[in-house]
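Remember, it's a predicted structure, so these values are computed and weren't measured experimentally. In the text below, chain A, chain B and the rest are named by the order of the sequence lines, each starting its count at 1.
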Protein chains: 2
Amino acid sequence: MRKPPRHRRKMQSVTMSDVAELANVSPSTVSLFLRKPEAVSATASQAISRAIDKLNYVPNLMAGGLAAASSRAVSILVPSVRNAFFAETVSSMQTALKKQRLQLILGHTEYDEQEEEELVRMALSWAPAAIVLTGLSHSAATRRLLANVAIPVIEIWELGGPQIDAAIGFHHDQVGIAAAEHLVRQGRRNLLFLGARMHQDRRARQRCNGFLQAARAAGAAAKVVEHPDTASAEIGSMLLAEALRLHPETDGIACSNDHIALGVLFACERQKIAVPDRLAVIGFGDLSFSAACNPPLTTIRPSGDLIGREAARLIEEHLHGEKADTHRTIDTRFTLQHRRSS
Amino acid sequence: MRKPPRHRRKMQSVTMSDVAELANVSPSTVSLFLRKPEAVSATASQAISRAIDKLNYVPNLMAGGLAAASSRAVSILVPSVRNAFFAETVSSMQTALKKQRLQLILGHTEYDEQEEEELVRMALSWAPAAIVLTGLSHSAATRRLLANVAIPVIEIWELGGPQIDAAIGFHHDQVGIAAAEHLVRQGRRNLLFLGARMHQDRRARQRCNGFLQAARAAGAAAKVVEHPDTASAEIGSMLLAEALRLHPETDGIACSNDHIALGVLFACERQKIAVPDRLAVIGFGDLSFSAACNPPLTTIRPSGDLIGREAARLIEEHLHGEKADTHRTIDTRFTLQHRRSS
DNA sequence: TCAGGCGATAATAGCGCTACGATTTATTTG
DNA sequence: CAAATAAATCGTAGCGCTATTATCGCCTGA
């Protein structure tokens, strides 16, 4: 009348108990060794590491996370990793986090707050150690979801608005201002901003607005020509053609980023427009080609790398319990790279 | 004489039981609803969704994963997401996986097998639904770790060697061959391959080797000039200068990627070297600037996007139990974009 | 000699959820 | 109308690990 085993379950091949058994200690000791090796005697440590090696034991982070009510994951949501800016930040952050054995869970919002909201929900399901979002603008539901979480919430790549918790980045309107002031300093009076995808990209819009204001404040004329698609050199060339048709008097151009600026330079070369003599050009991004093109592109270099590192540092501090409450604002600034295009 | 509660534990604010209670059903039913909504009656479904909304319930994927012995995570390891090729694949994959509610865990190997091994170990700790690696070359320990896992192991961006499980990509030597044959077809006989970081980037090396062999097979001379750093336009310009010094007779150049090619075009422009008359140039990658530069760059376009989508499809099939064993090879091919630089 | 203290190890009770079988309820059929 | 079948729901036993408390030796010093 004996019953068969009621529940059969899938399982992990090698568990912590297996290691404990082989090392002749209790599972608790193995767990302790994994988390605080210094608290375990040398003898036990050795036996345990040997057993781990022999069995090729891989700890189960889900079990660990469940028991500890927190995980070794950090969720980062960016518009897209195809964008070199965010790729840089993601990359530097992952490098920094790896040292703390934290893993990056990546999500792409595609500049869509609805999408972001869904991704935040999914991210929270992992009980991450921190969550990183791009920008300061989020749906109401996203804010609600994040309002009461006990982990750091870090908003990157934008400063200058109400923030949820920490914010790391710079002021995009100041980028626009710097570009305008630079062109004015170079003696230009008929300025133009060439922008791509500005209906979606808030930060490009902020740069544009800063540019227009500063230009006008300095007594220069300032117009905008834009294109709805993602920035590319091709669109840059098209925008230049349109710009010169609509505003032939233009003598200084700022671009929403270096892809656009590169396209402008290509078009100028084809049409024998002298840069910077006839037209000064300034970009944004300092991408890999910006110093190498003809002429080398004056541009504003953001701090994508630093943003990622600072975010990782914040997370590390929080993890190590340095109570220094995370509600902070870190301005990573930007620098003007003056080259020959202006 | 009563004891205080022995164990106090941290916890999640809202659990499935809370939802069940509010909806007047058992936790099992809530779980079922979340996994297979169609198996739950309309009445119960409604009550449950309402409760979820009201409580703002977020399921705990770690608990779920632990119980189900599998997680909703897919681990992807690429050399770096700063590289536009991999960014493209990661991005398209993430988009495709999102529909299945799978999350991407990202790791950067930096072209280092040791690093990759560590990352694989960390990745396995999550009991992912699949694991995606770049290339076919891995450390012995990595192979051992992956030998017996029950999940799909997908190697991307390289074909033509022994694979662990599935492989999705193309043959890089064929890329080199196509480039050489193209230049020969254009009447070039003194060919050169310009490469960056080839000591680390196996796939660039394969393209180079294919190029040299095909060029020589076609009776053309073929040399190599390389630089140890990451590809960039600046390095492309430097390499061109060195190339013309060492091999002034060169009349056709293939580059390990479009960044290098762009630098070559920039340098040619500065030095008034006519492209393609004096020098034909072909790149690899078809990056965002390649069609827009002067002259538009002939290049070979890989299928980074497709690779990501195919990988996601494979994972989906496996998840839906379509036994179609995953050990497969999918050749995503590449296409030659003939433009004016050759 | 033995209480007191300390470092190292062990035992225990869940973390929140899913899978499985068992049970209940609704629906059909002989 | 009872029996058989199908549909919906529930109860239970862990998944593998961590945090907390309890225990075990061993050394010190009065």
Side-chain angles (χ1 to χ4, degrees), chain A residues 3-21 23-48 52 55 57-72 124-127 129 150 321, chain B residues 3-21 23-48 52 55 57-72 124-127 129 150 321:
Chain A
K3 296 184 181 177
R6 309 296 228 71
H7 282 65
R8 67 222 140 84
R9 316 220 123 260
K10 302 168 189 175
M11 55 169 176
Q12 180 163 315
S13 44
V14 179
T15 73
M16 194 177 267
S17 308
D18 299 326
V19 174
E21 197 170 341
N24 251 311
V25 294
S26 76
S28 305
T29 308
V30 177
S31 171
L32 189 62
F33 169 76
L34 254 23
R35 285 171 299 115
K36 303 185 181 176
E38 72 280 5
V40 175
S41 72
T43 337
S45 293
Q46 245 180 9
I48 294 171
I52 287 175
L55 297 176
Y57 169 66
V58 176
N60 183 325
L61 282 182
M62 293 198 294
L66 182 60
S70 81
S71 82
R72 305 297 295 174
L124 289 178
S125 298
W126 285 106
Chain B
K3 296 185 180 176
R6 308 297 228 74
H7 281 65
R8 68 223 140 83
R9 318 217 124 261
K10 303 169 188 174
M11 53 167 179
Q12 179 163 316
S13 43
V14 179
T15 72
M16 195 177 266
S17 309
D18 298 327
V19 174
E21 198 170 339
N24 253 309
V25 294
S26 77
S28 304
T29 307
V30 177
S31 172
L32 189 63
F33 169 74
L34 255 22
R35 288 171 296 114
K36 303 184 182 176
E38 72 279 7
V40 175
S41 73
T43 339
S45 293
Q46 245 182 8
I48 294 171
I52 288 175
L55 297 176
Y57 169 66
V58 176
N60 184 326
L61 282 182
M62 295 198 295
L66 182 59
S70 81
S71 81
R72 304 296 297 177
L124 290 178
S125 299
W126 285 105

Could you state the atom-to-atom distance from [atom1] of [X] to [atom2] of [N] in whole Å?
X      : N      : atom1 : atom2 : result
A:L34  : D:dA19 : CG    : P     : 12 Å
A:W126 : C:dC17 : CH2   : P     : 14 Å
B:R72  : C:dT18 : CZ    : C1'   : 13 Å
B:M62  : C:dC15 : CE    : P     : 14 Å
B:F33  : C:dC17 : CZ    : P     : 15 Å
B:I48  : D:dC10 : CD1   : C1'   : 12 Å
B:E38  : D:dA8  : CD    : P     : 10 Å
B:I52  : C:dC17 : CD1   : C1'   : 14 Å

Can you see which heavy atom on [X] is nearest to which on [Y], and at what distance?
X     : Y     : result
A:M62 : B:L61 : SD-O, 4.4 Å
A:V40 : A:A44 : CG1-CB, 3.5 Å
A:P37 : A:S45 : O-OG, 4.1 Å
B:V14 : B:L55 : CG2-O, 3.7 Å

Side chain of [X], heavy atoms from C-beta onward: which of [options] has the nearest atom to it?
X     : options               : result
B:N60 : C:dC17, D:dT9, C:dC15 : C:dC17
B:A68 : C:dG16, C:dA19, C:dT9 : C:dA19
A:S41 : D:dT9, C:dT9, D:dG14  : C:dT9
A:S31 : D:dA8, D:dC10, D:dT18 : D:dT18
B:L66 : C:dT9, D:dC15, C:dT18 : D:dC15

Give [X] one of three labels, base, sugar-phosphate or nothing, depending on what nucleic acid heavy atoms sit under 4.0 Å from its own.
X     : result
A:L61 : nothing
B:Y57 : sugar-phosphate
B:P59 : sugar-phosphate

query: Nearest nucleotide by nearest heavy atom, which residue falls closer to the 5' end of DNA chain D, A:L32 or B:V40?
result: B:V40
- prompt: Want to settle it: does B:A44 or A:G65 sit nearer the 5' end of DNA chain D, counting the closest nucleotide to each?
  reply: B:A44
query: Looking at five pairs on each end of the helix from C:dT1-D:dA30 to C:dG30-D:dC1, what is the angle between the two axes, given to 10 degrees?
result: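 End axes: 50° apart.
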- prompt: Using a distance-only test with no angle check, is there a side-chain donor-acceptor pair under 3.5 angstrom linking B:S26 and B:T29?
  reply: yes
field: Euclidean distance, A:M16 CE relative to A:I48 CD1, rounded to 0.5 Å
entry: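 One gets 9.5 Å once the value is rounded to the nearest 0.5 Å.
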task: Give a yes/no on whether any side-chain N or O of B:S26 is located under 4.0 angstrom from OP1 or OP2 of D:dC10.
output: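 B:S26 to D:dC10 OP1/OP2: side-chain N or O found under 4.0 Å.
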message: Within the structure provided, determine whether A:L34 and A:I52 are in side-chain contact (heavy-atom separation under 4.5 Å).
response: yes
- line: Between B:R35 and A:A63, whichever has its closest DNA chain C nucleotide further toward 5' is A:A63
Backbone N/O of B:W126 and side chain of B:S71: donor-acceptor pair under 3.5 Å: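 Between the backbone of B:W126 and the side chain of B:S71 there is a qualifying donor-acceptor contact (under 3.5 Å).
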task: Would you kindly check whether a donor in the side chain of A:S28 faces an acceptor in the base of C:dA11, or vice versa, at under 3.5 angstrom?
output: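 Between C:dA11 and A:S28, which were checked side chain against base, a qualifying N/O pair under 3.5 Å is present.
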